S.K.: 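Quick one: the structure is below, questions incoming.
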There are 2 protein chains.
Amino acid sequence: MDGYDMHAFEPFAVTVDLAVFTVRAGVLQVLLVERGQEPYAGQWALPGGFVLPRESAETAARRELAEETGLSDVSGLHLEQLRTYSEPDRDPRMRVVSVAFAALLPDAPEPTGGGDAASARWLPCEGLGPLAFDHDRIVADAHERIGAKLEYTCLATAFCPPEFTLGELQQVYETVWGTVLDRPNFRRKVLTTPGFVEQVPGGARLTGGRGKPAALYRAGGATTAHPPLLRPAAPAGGAGRAPDPPAPAAGTATGSSARPGSGSPTAADPSREGRSA
Amino acid sequence: MDGYDMHAFEPFAVTVDLAVFTVRAGVLQVLLVERGQEPYAGQWALPGGFVLPRESAETAARRELAEETGLSDVSGLHLEQLRTYSEPDRDPRMRVVSVAFAALLPDAPEPTGGGDAASARWLPCEGLGPLAFDHDRIVADAHERIGAKLEYTCLATAFCPPEFTLGELQQVYETVWGTVLDRPNFRRKVLTTPGFVEQVPGGARLTGGRGKPAALYRAGGATTAHPPLLRPAAPAGGAGRAPDPPAPAAGTATGSSARPGSGSPTAADPSREGRSA
DNA sequence: TCTTTAATGGTCAGTGCGACTATAAAGAGT
DNA sequence: ACTCTTTATAGTCGCACTGACCATTAAAGA
C-alpha cells in the first residue's frame with residue numbers, strides 16, 4: 001500500500017454478498033432473492049448491498065443480514081468473511097468489488113421480505129439454476145468452506161437451535177457433507193471432544209421423534225475440535241453415499257423439522273414437550 | 001448486491017497488501033518495505049498497491065509480487081487470498097479497502113528494491129515493531145492461516161526449492177509452528193502420505209550438511225494431506241518448545257541456508273555437490 | 001582415529017476410529 | 001395388549017495412526 005501519490009487510482013464500488021445457509025428438513029438451503037431489474041432480472045441472486053461510507057464490510061454484512069432475514073437480533077449468528085471477488089467484468093454495469101460472507105442460521109424463520117428484496121426465499125443448495133453474477137461460484141465456495149470448517153471446528157452448532165439433540169447435530173454434518181455417518185461413532189466423537197457440547201441439566205425430548213427420546217445438549221465453550229472430526233474419505237469413484245432427506249410429509253415432519261414455532265429462538269422453547277428426570 | 005439504483009454509493013480506493021513469507025536460517029521472515037512518506041513515514045509496511053481499473057485483485061497481487069521481489073517468474077509461487085480489511089479508519093487519508101494476500105517463497109533471493117519501494121527487506125516475523133496501518137494484524141492473520149494450512153495441505157513444499165531434503169521440509173513446519181517435531185515420526189508421516197513428496201531418481205545431497213547425506217525429494221502431486229499432520233497440542237501453560245535457530249555462522253551456514261546461489265530457482269541446481277547412486 | 005552430527009530404519013504401546021452388536025424406550029399398526 | 005418399527009444409547013473388537021523411543025549408517029570435524 002505504498003506509492004499513493006504515484007498512480008492515479010480508479011474508484012470502485014464495494015459491496016457485500018451474503019451466502020446464508022440453513023439446514024431444513026435434511027437439506028442444505030441458501031437464502032436467495034429474486035432480482036427485479038437488469039441485469040439478470042428475474043434470476044436468483046445472493047442478498048447483499050453497498051458498503052456505506054462509514055462502515056466496515058463486516059458491519060455492512062451484518063446489517064444486510066438483519067434486513068434480509070428479518071431477525072431482530074443477528075448478533076449471535078455466525079458470520080464469517082469468505083473472500084473477495086474482484087474480476088473486472090463480474091458486473092456488466094460498472095466496476096464492483098464484492099466482499100462475500102458466509103452466515104449460518106439454526107432454524108429457518110421462513111424467508112422474510114424485510115429488506116431491499118421483494119421476494120427472498122430459501123432454496124436447496126443442490127441443483128439450483130444459474131444465479132446472477134458470479135453468485136454460483138460464491139455459493140460453491142461458501143459450501144466448501146463450511147464443509148471444511150465442520151471438520152476442525154465446533155461450528156456445526158451454529159446450524160442448531162440453542163438446545164438440540166445429537167441426532168440433529170449429526171444431520172448437520174451429513175447434510176453439509178452429503179455423507180452418512182455412523183451414529184454411535186459420531187456420538188462418541190462429539191461427547192469426548194471437551195467443550196463441544198454440554199448436556200442440559202435434566203431434559204430429554206419426547207414427542208417429536210418416533211423412537212427413544214433423545215437428550216438435549218447445548219453448544220459448549222470450545223471453538224475448535226482437537227483432533228478434528230474428519231469427513232470420511234470418498235471411496236474412489238464419485239461422491240460418497242448421500243443421505244436421503246426425510247420424506248417431505250406435511251404436518252408432523254420427521255426429526256429436526258418437527259420443531260414448533262419459528263419466532264425468536266432466544267430462550268428455550270417451553271412448548272417443547274415432556275421433560276423427564 | 002441488489003438495490004443498485006436505490007442508494008448513492010461512495011467510491012472506495014481498492015488496494016492489495018502482500019504478506020510474503022520465507023523460511024531463512026530457521027526463522028520465518030516477512031517481506032517489508034520502508035515507507036517514505038506520511039503517514040507512517042519511516043515505518044515498515046507490507047508491499048502492495050492499487051488495483052488497476054482492468055485487473056482483478058489476484059492479478060494485482062501477482063503483479064506487485066513480481067515487482068517487489070524482482071523475480072522474473074512468479075507464476076509458480078503460492079499466492080492465496082487471505083481476507084479483506086475494510087475498517088473505515090484504517091488509512092487516515094481516505095477510505096481504502098485492502099484485499100490481503102499471503103505468498104510463500106522457497107529461497108529468499110535477498111530483497112530487491114525492484115518495484116515501488118525504495119528499500120525492501122526480509123525481517124523476522126517474531127517481535128517486529130509496530131507496522132504501518134493495520135499491517136501487524138494482517139501479518140498475524142497470515143501467519144495463523146499458513147500454520148493451519150500446513151496441517152491439512154501439502155503447502156509446506158511451497159517454502160522449499162524444487163528439490164529439497166526432508167530435514168528442510170521439517171524445518172518449515174518447525175519454524176512456522178514454533179515447535180520441535182520428532183524427526184523419524186515426521187519422516188514416516190510425510191512418506192506415507194501418498195503424493196506429498198516423491199524421491200528424485202538417484203540423488204543424495206552431500207557437502208552442505210554435517211551428517212549423513214540426505215535424499216532429495218520433489219513436491220508430489222497431492223495438495224491435501226489425509227489424514228492431516230496435526231500440530232502438537234500445546235501442553236498447557238504457554239507456547240510449546242521453540243526450536244533454536246541454527247547459529248548464524250557466516251560462510252558455510254548450517255542446514256538449509258547452505259544452498260548456493262540465489263538466482264532463478266527454476267531448474268535443479270547443478271552446483272549442488274556429489275550425487276551417489 | 002575418535003567424536004559429532006544428521007539421516008534413516010525400526011520397535012512398541014497407547015489412542016482414536018470404523019465396523020458392528022446389543023439394549024432401551026418411544027410411537028404405529030394390528 | 002402385543003408386535004413391529006424407529007431412534008437413542010451402550011459397549012466391543014480390531015486396525016491404523018501416532019508419539020516416544022532406540023539403533024544403525026554415513027558423512028564432517030577435531
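Lettering of chains follows the sequences in order, A, B, ..., and the numbering in each one begins at 1. It should be emphasised that the depicted structure is a prediction, and the values quoted were computed from it without experimental measurement.
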S.K.: What is the separation between atom CG on A:Leu230 and atom P on C:dG18, rounded to the nearest whole Å?
M.R.: 8 Å

S.K.: Can any side-chain N or O of A:Thr179 pair as donor or acceptor with the backbone N or O of A:Glu174 at less than 3.5 Å?
M.R.: no

S.K.: Atom CZ of A:Arg183 to atom C1' of C:dT23: distance rounded to whole Å?
M.R.: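 One finds 16 Å between C1' of C:dT23 and CZ of A:Arg183, rounded.
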
S.K.: Rounded to the nearest Å, what distance is computed from the NE2 atom of residue A:His226 to the C1' atom of nucleotide D:dT18?
M.R.: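 Those two atoms, NE2 and C1', are 15 Å apart.
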
S.K.: By nearest nucleotide on DNA chain C, pick out whichever of B:Gly167 and B:Asn185 is the more 5' one.
M.R.: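 Final value for this comparison: B:Gly167.
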
S.K.: Which sits closer to the 5' end of DNA chain D, B:Pro228 or A:Gln199, going by the nucleotide each is nearest to?
M.R.: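 Its nearest nucleotide lies further toward 5', so the answer is A:Gln199.
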
S.K.: Only one of B:Phe196, B:Phe186, B:Tyr217 forms a side-chain contact (heavy atoms from CB on, under 4.5 Å) with B:Leu191, so which one is it?
M.R.: B:Tyr217

S.K.: Are A:Arg137 and A:Asp141 ion-paired here, with the side-chain N under 4.0 Å from a carboxylate O?
M.R.: yes

S.K.: Without decimals, in angstroms, what is the distance between B:Asp182 CG and C:dG10 P?
M.R.: 16 Å

S.K.: Please state whether the phosphate of C:dA28, meaning OP1 or OP2, lies under 4.0 angstrom from any side-chain nitrogen or oxygen of A:Arg210.
M.R.: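 Checking C:dA28 against A:Arg210, no side-chain N or O comes under 4.0 Å of OP1 or OP2.
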
S.K.: Can you find a side chain N or O atom of B:Arg188 that sits less than 4.0 Å from OP1 or OP2 on D:dC17?
M.R.: no

S.K.: Rounded to whole angstroms, how far apart are CZ on B:Phe186 and P on C:dA7?
M.R.: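 Nearest whole value for this atom pair: 11 Å.
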
S.K.: Round to a whole Å and report the spacing from NZ of B:Lys212 to P of D:dA23.
M.R.: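 Rounded to whole Å, this separation is 17 Å.
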
S.K.: Would you kindly give the OH-to-P distance between A:Tyr173 and C:dC17, to the nearest whole Å?
M.R.: 12 Å

S.K.: So what does A:Arg187 hit on the nucleic acid, given a heavy-atom distance under 4.0 Å: a base, only sugar-phosphate, or nothing?
M.R.: sugar-phosphate

S.K.: Could you give the CG-to-P distance, from B:Leu181 to C:dA6, as a whole number of Å?
M.R.: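 After rounding, the reported distance stands at 16 Å.
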
S.K.: Using OP1 and OP2 only, check whether a side-chain N or O of A:Lys189 sits under 4.0 Å from C:dC17.
M.R.: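 For A:Lys189, the contact criterion (side-chain N or O under 4.0 Å from OP1 or OP2 of C:dC17) is met.
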
S.K.: Mind checking if A:Pro184 touches a base, just sugar-phosphate, or nothing, with heavy atoms under 4.0 Å?
M.R.: base

S.K.: Is there side-chain contact between A:Leu229 and A:Thr193, with at least one heavy-atom pair below 4.5 Å?
M.R.: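 Counting from C-beta outward, A:Leu229 and A:Thr193 never come under 4.5 Å.
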
S.K.: Which of these nucleotides, D:dA26, C:dT8, D:dA10, is closest to any side-chain atom of B:Ala214?
M.R.: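 So the side chain of B:Ala214 is nearest to C:dT8.
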
S.K.: Among B:Leu104, B:Leu65, B:Leu46, B:Val30, which residue satisfies the side-chain contact (heavy atoms from CB on, under 4.5 Å) criterion with B:Val20?
M.R.: B:Leu65

S.K.: Of the listed nucleotides (D:dA8, D:dA20, C:dC17), which one gets closest to any side-chain atom of A:Pro227?
M.R.: C:dC17

